[in-house]
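By convention in this document, chain letters (A, B, ...) are assigned in the order of the sequence lines, proteins followed by strands, and residues within each chain are numbered from 1.
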Amino acid sequence: MRFSRTFIPTTKETPNDAVLKSHILLIRGGYISSVASGLYNFLPLGKIALDKIRAIVKEELDKAGCVEVDLSFVTPSELWEESGRLGKFGAELLKFRDRKENLFVLGPTHEEMMVNLVRNQITSYKQLPQNLYQIKTKFRDEARPRFGLMRGREFLMKDGYSFHETEEDMKREFELMEKTYSKIFSRLKLDFRVVDADSGAIGGSGSKEFHVLADSGEDTLVVCDSCDYGANIETAKRAEPEAPETVPEFEGDLRFHTPNLKSIEELSRFFRVEPYFLLKAVVKKAIFEDREEIVVFFLRGSDELEETKAVGTVGALELLDATEKEISEAGLIAGFIGNRNLEISHYFDNSLKGAKHLISGANEIDYHLIGTEVESGNFADLVLVKEGDRCSCGGNLSYKKGIEVGHIFQLGTKYSESMNANFLNREGKSTPFVMGTYGIGVSRILAGIVEQSGDELGIVLPESVAPYKFNILVSNSKNGEQMRFGEKIYEDLRSCGEDVILDDRKDRFGAKIKDAELIGFPYTIIVGKSLSDGEVEIFHRAEQRKEKISVLDLESRLENL
RNA sequence: CGGGGUGUAGCUCAGUAUGGUUAGAGUACUUGGUUUGGGACCAAGGGGCCGAAGGUUCGAGUCCUUUCACCCCGACCA
């Protein structure tokens, strides 16, 4: 490609509506342009890069035995009613009617469509397993699109769905997909982590996310420094912390006057007791589909509540902070809440199983109980894992920020049951498919790569993704000798099948090299004034290094890049 | 959906507290000339419904009302 003939609108200024590095650089580099909130055009460079990522995804999936399809983007609302997700997905679904007043949905994900495709077509265990995927535009009417390609409304996603005879076979495929995804992200030269994830409302026994590590990531990951444990903070586990050495000797629910002492800190100081031995009560209002309820979560005073875990524990749609009014209406006294004689729903964190020598609220104003115990109740993992907590391997846990680029899911029979998608098993019995579902955010990967490797000069892309591996920069395009030599390398590389672009624009050297740095061509061959001495330079973008080389050695040097 | 901010040339922004020539700069663009290794210089040009609608006024980019769009923080995010 000749630079002068393609369309690469680079800008010197950073666009006023971009904040994130990847967003700024992709726009400045002429990869994308914005259309409306959460909507982007892919310009020639962006399109090529996206296609290259897409090709890698496809290649690895096909190797793993997956089969590509392409389902219609516009999906009939009936399918969504059938699965029960029309209301649940809510405002994120972009709905509209056709001229006959039929309701349609722009696909945000395609479980329904895919189940609909295979049901009544795959009818026997002999046709299983099957793993179908597509790489296709999705649309989610996000409440707040942001960060450019990172969280757009329209985006390119690979979504795959597998169908199995048994749970075991689905798990086998799940593991295969984990390996396949890891290969894909490795080929894309991403620094990524596979972590345990919250299965969420969708259910299922296992879910893993693939995160590109980057400070700008929206998710917090808990990772171990000595084993390969990693988890989204929403589901992260830790080894039980060791109890402090000084154990308070209180026993037997002694009522103690504690006027106005409400916070963990105040109580800890007053009683000279580690927060570990205080019973912390967190009051929330749980919202269910048909009702609301005040719920109390008990933790050790040294711990904090992880809300996603709490939501899962009570099976609520969401948890809101309870207001003072709601707390007192529920018969609770803020600051003095304890587990004794507590009428309303409450849950204990697992770390409180069999806990003794505790100090808790007495459910009575200005009184606490000392030496109380937790004997029985509903226990669950509720705790927010903190940096510095111990991993079960003994290592140290710390936080990292991640950009979610992949998510694999053991779905089970949720959709096949609700949508009546069955097959005949070996016993001749009609059975719902056991399903897995696997997603990759293809356009988000492009943002993730730039986020992770972009530097102060601009974009840095791995060769596997870069639109052009070689950029031939003719320093002075009016200089016949330079231009002829540039043309020659250009033709040579092209005939070798390399992705190469010839910067034949009439700009000066400074402007062209700035663009080369911004766009991030892996190698820029600078044909300049030293050509008369028989030399050119190769600029290595990632290392920001210039290499002088004799024109005689150029060909063999380029072959080895 | 709550809170905040911004809309003026392709892009980045002045101008708006206090209304008043023909609305500015930089950059980008066109033409001519000089220049040619780190976003050149000189000269001459083209480019604006001042987000939209309504209002106040002799007069509105500027004041008032309504509205739309975009961005940020939060809520939300299979």
Side-chain angles (χ1 to χ4, degrees), chain A residues 9-20 23-24 27-28 30 33-39 80 83-86 88-93 107-112 114 138 140-148 150-153 155 157 159 161 197-204 207 209 218-219 232 234 287 307-308 311 317-321 404 407-411 414-415 435 437-439 441 444 457-458 473-483 503 505-518 524 526-532 535-537 539 544 546 548:
Chain A
T10 59
T11 64
K12 212 183 326 187
E13 308 262 13
T14 93
N16 87 123
D17 57 356
V19 177
L20 202 64
H23 189 191
I24 293 171
I27 288 182
R28 283 195 50 213
S33 67
S34 37
V35 177
S37 183
L39 304 177
W80 293 85
S83 71
R85 287 212 292 184
L86 191 63
K88 203 164 184 185
F89 231 103
E92 282 201 14
L93 286 180
T109 173
H110 278 209
E111 278 83 6
E112 284 82 358
M114 203 63 87
K138 297 286 183 293
R140 291 181 194 176
D141 200 359
E142 289 275 353
R144 188 177 156 215
R146 60 188 117 168
F147 303 148
M150 207 73 98
R151 182 176 287 285
R153 290 140 97 200
F155 54 96
M157 171 166 131
D159 50 323
Y161 310 84
D198 177 43
S199 297
I202 212 167
S207 156
E209 289 169 349
E218 293 186 82
D219 290 283
N232 193 306
E234 295 175 348
I287 311 293
E307 246 185 64
T308 306
V311 168
L317 294 177
E318 61 171 330
L319 291 178
L320 302 177
D321 289 339
E404 184 189 348
H407 197 164
I408 57 176
F409 231 104
Q410 299 183 19
L411 247 194
K414 183 183 162 84
Y415 293 89
M435 292 177 62
T437 180
Y438 320 94
R444 184 182 277 184
L457 296 179
L473 191 159
V474 177
S475 178
N476 179 1
S477 55
K478 277 192 185 161
N479 178 309
E481 191 197 355
Q482 289 181 18
M483 202 60 213
D503 195 344
R505 293 176 298 171
K506 293 191 175 19
D507 293 84
R508 311 184 75 189
F509 175 79
K512 292 188 188 182
I513 191 74
K514 287 282 183 202
D515 271 351
E517 286 159 350
L518 173 63
T524 293
I526 301 169
V527 181
K529 56 187 182 186
S530 58
L531 181 66
S532 47
E535 264 188 356
V536 295
E537 278 175 292
F539 175 65
Q544 301 185 20
K546 277 183 193 161
K548 279 194 193 324

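- Rounded to the nearest Å, the gap between the C1' atom of B:A60 and that of B:G51 is 16 Å.
- The side-chain heavy atoms of A:Lys138 and A:Asp159, taken from C-beta on, include a pair separated by under 4.5 Å.
- A:Arg153 comes within contact range of no nucleotide atom at all, as no heavy-atom separation falls under 4.0 Å.
- Counting only heavy atoms from C-beta on, A:Phe89 has its side chain closest to B:A78 among B:A78, B:G37, B:U27.
- Using a 4.0 Å heavy-atom cutoff across all strands shown, A:Ser477 reaches no nucleic acid atom at all.
- Of the possible polar contacts, none joining the A:Glu92 side chain to the A:Glu142 backbone as a donor-acceptor pair under 3.5 Å is found.
- Straight-line distance from the CZ atom of A:Arg146 to the P atom of B:A69: 19 Å, rounded to whole Å.
- Rounded to a whole angstrom, the distance from the C1' atom of B:C63 to that of B:C58 is 16 Å.
- For the C1' atoms, the distance from B:U67 to B:C77 is 29 Å, rounded to whole Å.
- Remark: B:G7 base-pairs with B:C68; criterion is Watson-Crick or G-U wobble with both hydrogen-bond distances under 3.5 Å.
- Taking atom C1' in both B:C50 and B:A9, the straight-line distance is 11 Å, to the nearest Å.
- Here B:G32 sits opposite B:C42 as a Watson-Crick or G-U wobble pair (both hydrogen-bonding atom distances under 3.5 Å).
- The side chain of A:Phe147 has B:C73 as its nearest neighbour among B:C71, B:C77, B:C73.
- No contact: A:Glu307 has no heavy atom under 4.0 Å from any strand.
- Using atom P as the reference point in both B:A14 and B:G5, the two lie 16 Å apart (nearest Å).
- Residue order along RNA chain B, read from the 5' end via each residue's closest nucleotide, puts A:Leu518 first among A:Ala143 and A:Leu518.
- Among the protein residues, A:Lys512 comes within range of no part of the nucleic acid, since none of its heavy atoms lies under 4.0 Å from any strand.
- Under the Watson-Crick or G-U wobble criterion, with both distances below 3.5 Å, B:G20 is paired with B:C58.
- At whole-Å resolution of the value, CG in A:Asp17 and P in B:G5 are 19 Å apart.
- Considering only the side chain of A:Glu537, B:G37 comes nearest among B:G37, B:A78, B:C13.
- The separation of B:U8 from B:C13, taken at their C1' atoms, amounts to 9 Å, rounded to a whole angstrom.
- Take the nearest nucleotide of RNA chain B for A:Thr10 and for A:Leu319: the residue whose nucleotide is more 5' is A:Thr10.
- Its glycosidic angle being more than 90° from 0, B:A28 falls on the anti side.
- For A:Asn479 and B:U35, the CG to C1' distance is 14 Å, given to the nearest whole Å.
- Heavy atoms of A:Pro108 sit nowhere under 4.0 angstrom from any nucleic acid atom.
- The side chain of A:Arg508 sits closest to B:A40 out of B:G38, B:C13, B:A40.
- Within 4.0 Å of A:Asn476, counting heavy atoms only, lies at least one base atom of the nucleic acid.
- Judged by distance alone, the side chains of A:Asn232 and A:Glu209 do bring a donor and an acceptor atom under 3.5 Å apart.
- For A:Ala36, taking side-chain heavy atoms from C-beta onward, the closest of the listed nucleotides B:A78, B:U35, B:C70 is B:C70.
- Using a 4.0 Å cut-off between charged side-chain N and carboxylate O, A:Arg151 and A:Glu218 make a salt bridge.
- Only the P atoms considered, B:C41 is 11 Å distant from B:G26, to the nearest whole Å.
- Across the strands present, B:A75 finds no partner; the criterion is a Watson-Crick or G-U wobble pair with both atom distances under 3.5 angstrom.
- A donor-acceptor pair under 3.5 Å is formed between the side chain of A:Thr11 and the backbone N or O of A:Glu13.
- Side-chain contact between A:Lys512 and A:Glu517 is absent, with no heavy-atom pair separated by less than 4.5 Å.
- Distance CD1 (A:Ile27) to C1' (B:G10): 14 Å, rounded to an integer number of Å.
- Listed nucleotides: B:G37, B:U36, B:G38. Nearest to the side chain of A:Lys514: B:G38.
- Contacts of A:Lys546 with the nucleic acid, taken as non-hydrogen atoms under 4.0 Å apart, include base atoms.
- We find that CG of A:Leu39 is positioned 13 Å from P of B:A69, with the value rounded to whole Å.
- In this entry the distance linking CD of A:Glu218 with P of B:G74 reads 10 Å, nearest Å.
- Side-chain contact of A:Thr10 with A:Asp515: a donor-acceptor pair under 3.5 Å is present, judged by distance alone.
- Salt bridge status for A:Arg153 with A:Asp141: present, with a side-chain N to carboxylate O gap under 4.0 Å.
- Put simply, CG on A:Asp219 is 14 Å from C1' on B:A78, counting in whole angstrom units.
- Pairing for B:A25 goes to B:U12, judged as Watson-Crick or G-U wobble with the two contacts each under 3.5 Å.
- Side-chain atoms of A:Tyr161 never come within 3.5 Å of backbone atoms of A:Glu112 as a donor-acceptor pair (strictly under, hydrogens ignored).
- With hydrogens and angles ignored, no donor-acceptor pair closer than 3.5 Å exists between the side chain of A:Arg144 and the base of B:C1.
- Between the C1' atoms of B:U30 and B:G10, the separation comes to 14 Å (whole Å).
- Within 3.5 Å, a donor on the side chain of A:Glu517 pairs with an acceptor on the base of B:G38, or the reverse.
- Residue contacts shown for A:Ser37 are limited to sugar-phosphate atoms, with no base heavy atom under 4.0 Å away.
- Look at CD on A:Glu92: it is 8 Å from C1' on B:C76, rounded to the nearest Å.
- In this structure, A:Asp507 reaches neither bases nor backbone, as no heavy-atom distance under 4.0 Å exists between it and the strands shown.
- Comparing B:A78, B:C76, B:U12 by their closest approach to the side chain of A:Arg140 singles out B:A78.
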